[in-house]
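Heads up: the structure comes next, in structure tokens.
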There are 2 protein chains.
Amino acid sequence: MKSSFRLGETGSRDAYKLLSGLVVPRPIGWIGTRRANGSFNLAPFSFFNVVSTNPPTVIFSGGRHSDRPKDSVTLAEMAGEFTVNIVSEAVAEAMNVTAGSFTAEDDEFEIAGLTPVIGSVVDAPMVDESPANLECRVVEILDLGSLPTTRVVVGEVEVIHVRDDVLDGTRVDSDALAAIGRMAGNTYIHTRDRFELNRPG
Amino acid sequence: MKSSFRLGETGSRDAYKLLSGLVVPRPIGWIGTRRANGSFNLAPFSFFNVVSTNPPTVIFSGGRHSDRPKDSVTLAEMAGEFTVNIVSEAVAEAMNVTAGSFTAEDDEFEIAGLTPVIGSVVDAPMVDESPANLECRVVEILDLGSLPTTRVVVGEVEVIHVRDDVLDGTRVDSDALAAIGRMAGNTYIHTRDRFELNRPG
């Protein structure tokens, strides 16, 4: 037996709990941006994914009523660029530190003990300790809701940096990458428990 | 040491291998649509995620040059509606069957041995065997690339159905859900190997 929820009736809190619990596991985009004063911003988003590889495109989105930082959306829009940093097991705790609430005077890199490296084509900070980094240019921002309540940043990936031990040619070694994913609430998963399904002919 | 790839130079095949290997784990949206002749279409997408919970919104996208089926994009656009079905371990093999290439005469539900149930507010088929189903209305289609090469379907979630054993109120039990996620190539992951990170204050 299944229970049914009409989202117009249940409100956005239930929508959050249901959707964030059911649509799993989510990849984590650790978004690096630069403020107008030059300082660095870094925050994790799990409403994030690749949406295209031709043109190579990622999206991340932040809600107005969410308790997640949404400065990243505003800063990406203002600067027109951002970085995506892959979250491995080794930087999971540091990622979690940057999920806190900070002011425009704070530097999340310094607070979390991370090393910023400015991109080769975008003027935004990458996390040196991440196993891979994407340099992205904003191509569009999609507003949802009337306020808007959510803003979806669409970015084209111009450059990818990958730690050498993670790569065999252009094939990614998932064990060396050791990415983590997001589940509901404060729960995350490792990506070690893998299995194969052979594609039908 | 890291290696750098400028995507304009490396081409879309490398972009696919790098991005699909690095941006992991991805949730799987098993998209149900209905053809003009009334028959059912069902195909999995991992360029898929929640992007907002207010308004409750999901996206999925299909590429023109991808070997993934893209009928779902066209059918969702034509009908203005689709369903998202959550892929659990129990339906992983059936999901994989529906990743094959089919013609407009094929019914992927029948081929994969699945039970279609028409939505309560959208005229599109849901997978009865999935632990949860989302009924969605298309609100926008975002075209990327000049052909366009990729089309991103943006859908508002109107109704959520969840199997009763998966829910405690509106809290989702991840063990009962037993969702699987997508890694690179033909590789998937379970969502059992979880850990907690307490949110900073």
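We name chains A, B, ... by the order of the sequence lines, and we start the count at 1 in each one. Given the structure is predicted, the values throughout are model-derived calculations rather than measurements.
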Chain A: which of [options] shares the most heavy-atom pairs with it under 4.5 Å?
| options | answer |
| --- | --- |
| M1(B), K2(B), R163(B) | K2(B) |
| L142(B), V84(B), V87(B) | L142(B) |
| L144(B), V50(B), L134(B) | V50(B) |
| R26(B), H161(B), H190(B) | H190(B) |
| V157(B), T191(B), N186(B), L19(B) | N186(B) |

Within a strict 4.5 Å, meaning less than it, do heavy atoms of the [X] and [Y] side chains meet?
| X | Y | result |
| --- | --- | --- |
| V162(A) | T170(A) | no |
| T98(A) | P44(A) | yes |
| D107(A) | F102(A) | no |
| F82(A) | V138(A) | yes |
| L177(B) | V24(A) | yes |

Please determine if [X] and [Y] form a salt bridge, counting it only when a charged side-chain N lies under 4.0 Å from a carboxylate O.
| X | Y | result |
| --- | --- | --- |
| R35(A) | E108(A) | yes |
| D175(A) | R192(A) | no |
| R34(B) | D123(B) | yes |
| E81(A) | R137(A) | yes |

Chain B contact via [X] - side chain, backbone, both or neither, heavy atoms under 4.5 Å:
| X | answer |
| --- | --- |
| F48(A) | both |
| I160(A) | both |
| N133(A) | side chain |
| V159(A) | both |
| V154(A) | side chain |
| E140(A) | side chain |

Given heavy-atom pairs under 4.5 angstrom as the criterion, report whether the side chain, backbone, both or neither of [X] touches chain A.
| X | answer |
| --- | --- |
| V97(B) | backbone |
| I180(B) | both |
| I86(B) | side chain |
| E158(B) | backbone |

Of the listed residues ([options]), which shares the most heavy-atom pairs with chain B below a 4.5 Å separation?
| options | result |
| --- | --- |
| T187(A), V172(A), L197(A) | L197(A) |
| S61(A), P25(A), P131(A), P55(A) | P25(A) |
| L167(A), T150(A), V23(A), V51(A) | V51(A) |
| S52(A), G21(A), S3(A) | S3(A) |

Can you see whether S130(B) engages W30(B) through a side-chain donor-acceptor pair at a distance of less than 3.5 angstrom? no

Between the CD1 atom in I28(B) and the CZ atom in F45(B), the distance rounded to the nearest 0.5 Å is 12.5 Å

Look at the rings of F47(B) and Y16(B) and say which category their plane angle falls in: under 30° parallel, 30 to 60° tilted, over 60° perpendicular. tilted

